[in-house]
Amino acid sequence: MAENLSLIIVDDDPIVCSSLKAIVELTTRQDPEGEMQVMALGHDGGEAVRLYRELRPDLIILDIRMEPVGGIEACQEIMTLDPEAKVLFLTTFPDEEYIVEALRLGAKGYLMKSSAESIVPAIRAIAQGQRVFGNEIVAKMVVGKNQQPGRQDLEAAKARSIFRELTLTEWELVRLVAEAKNNKEIAAALHFSEGTVRNYLSTILTKLDMRDRTQLAVSYYKEGFA
């Protein structure tokens, strides 16, 4: 019999917390893959960190916008406590900055609350070492595990990736976008003007036939770069 998964759910809306708990437990009780147990509910990022520290669940589900401590801040602190922590964001906000920051921090998933039916499959996938992003963000996909390749390996990987047509400067800009840097920060890092950064970004998006920097950052992580 499969081992049960332990979870913590943190959302500033108590109704959302209790509803998610009911969905998770009811839909997995008779599941041959194993039951999921919700160990605790929390309502802000500070509580999320405290509960994670005390209970060390297999996975924590976090809302993004909470007061006084938000989900992104909580995720950063949790990942510092435990670099192997599995964090799933469940939110109503598909904002570019949140998605890129979640990826940078090492979150394992990012789903919209409107995709409640996907929550249990997403938890299963994350427990198996995958990363899952909802259809509203990008088409549901698995992102490769973080790697720290050497320079030659990185260049070889780039040559086999969707980024192979980019110049070295364009590739460096993509990396900075994936690190959630804004145009001002990228300009400072590359010693460009912000206008030049915007021009480079436009050229990159055209070359790769992508819509925006969010898709660019997600593709960077999908290809296994981190």
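- Remark: of the listed residues Thr92, Thr91, Asp11, Asp11 is the sole one forming a side chain to side chain donor-acceptor pair (under 3.5 Å) with Lys113.
- A continuous path of ILVMFWY side-chain contacts below 4.5 Å connects Leu166 to Leu176, so both sit in one hydrophobic cluster.
- Listed by chain and residue number, nothing satisfies the side-chain hydrogen bond (donor to acceptor under 3.5 Å, both in side chains) test with Thr203 (two or more places apart in sequence, or in another chain).
- The nearest pair of heavy atoms linking Ser219 to Met210 is OG-CE, 3.3 Å.
- Contact detail for Asp58 and Asn4: the closest heavy-atom pair is OD2-O, 3.8 Å.
- Under a 3.5 Å cut-off, the side chain of Asp63 and the backbone N or O of Met66 do not form any donor-acceptor pair.
- Heavy atoms only, all atoms of each residue included: Val10 and Asp44 are closest at CG1-O, 3.5 Å.
- Using a 4.5 Å heavy-atom threshold, the side chains of Glu84 and Met79 count as separate.
- When hydrophobic clusters are built by joining Ile, Leu, Val, Met, Phe, Trp and Tyr residues whose side-chain heavy atoms come closer than 4.5 Å, directly or via intermediates, Leu205 is grouped together with Leu173.
- For the atom pair CD1 of Ile61 and CG of Leu88, the computed distance is 5.5 Å after rounding to the nearest 0.5 Å.
- Proximity of a side-chain donor or acceptor of Asp12 to a complementary backbone N or O of His43 within less than 3.5 Å is not detected.
- For the atom pair CD of Glu54 and CD1 of Ile8, the computed distance is 8.5 Å after rounding to the nearest 0.5 Å.
- Here the closest non-hydrogen pair linking Ile78 and Ala48 is CD1-O, 4.2 Å.
- Interatomic distance, Leu26 CG to Lys21 NZ, rounded to the nearest 0.5 Å: 9.0 Å.
- Using a 4.5 Å cut-off on side-chain heavy atoms (C-beta onward), Asp209 and Gln215 make no contact.
- Atoms CD1 and CG, on Ile60 and Leu51 in that order, are 7.0 Å from each other to the nearest 0.5 Å.
- Every pair passing side-chain hydrogen bond (donor to acceptor under 3.5 Å, both in side chains) that includes a residue from residues 67-83 is listed here, sequence neighbours excluded: Tyr52-Asp82.
- Separation of atoms CD (Glu170) and CG (Leu201) is listed at 10.5 Å; rounding is to 0.5 Å.
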_Step-by-step side chain to side chain contact (heavy atoms under 4.5 Å, CB included) determination, Ile186 to Asn182_ = CA-CA 6 Å; Ile186 294 172; Asn182 60 34; over 6 Å; no
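- Residues Cys75 and Val87 have side chains in contact (heavy-atom distance under 4.5 Å, counting atoms from C-beta outward).
- Tracing side-chain contacts under 4.5 Å through hydrophobic residues (I, L, V, M, F, W, Y), one never reaches Val16 starting from Val69; they form parts of separate clusters.
- Between Leu190 atom CG and Glu185 atom CD the span is 12.0 Å, to the nearest 0.5 Å.
- Side-chain contact check for Glu25 versus Val38: some heavy-atom pair is nearer than 4.5 Å.
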_Stepwise side chain to side chain contact (heavy atoms under 4.5 Å, CB included) check, Trp171 with Ile204_ = CA-CA 9 Å; Trp171 166 246; Ile204 291 166; over 6 Å; no
*asked:* With side chain to side chain contact (heavy atoms under 4.5 Å, CB included) as the criterion, how do Leu62 and Leu90 come out once you've worked through the C-alpha distance, each side chain's angles and the decisive distance to 0.1 Å?
replied: CA-CA 6 Å; Leu62 284 177; Leu90 189 65; over 6 Å; no
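- The aromatic rings of Phe163 and Tyr220 lie tilted to each other, with the angle between the two planes from 30° to 60°.
- Contact record, Phe89 with Ile72: CZ-CD1, 3.9 Å, taken as the closest heavy-atom pair.
- In terms of heavy atoms, Asn183 sits closest to Arg198 at ND2-CG, 3.4 Å.
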*Step-by-step side chain to side chain contact (heavy atoms under 4.5 Å, CB included) determination, Leu59 to Ile126*: CA-CA 8 Å; Leu59 183 144; Ile126 291 169; 3.5 Å; yes
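- Lys86 meets the salt bridge (Lys or Arg N to Asp or Glu O under 4.0 Å) test with no other residue; sequence neighbours excluded.
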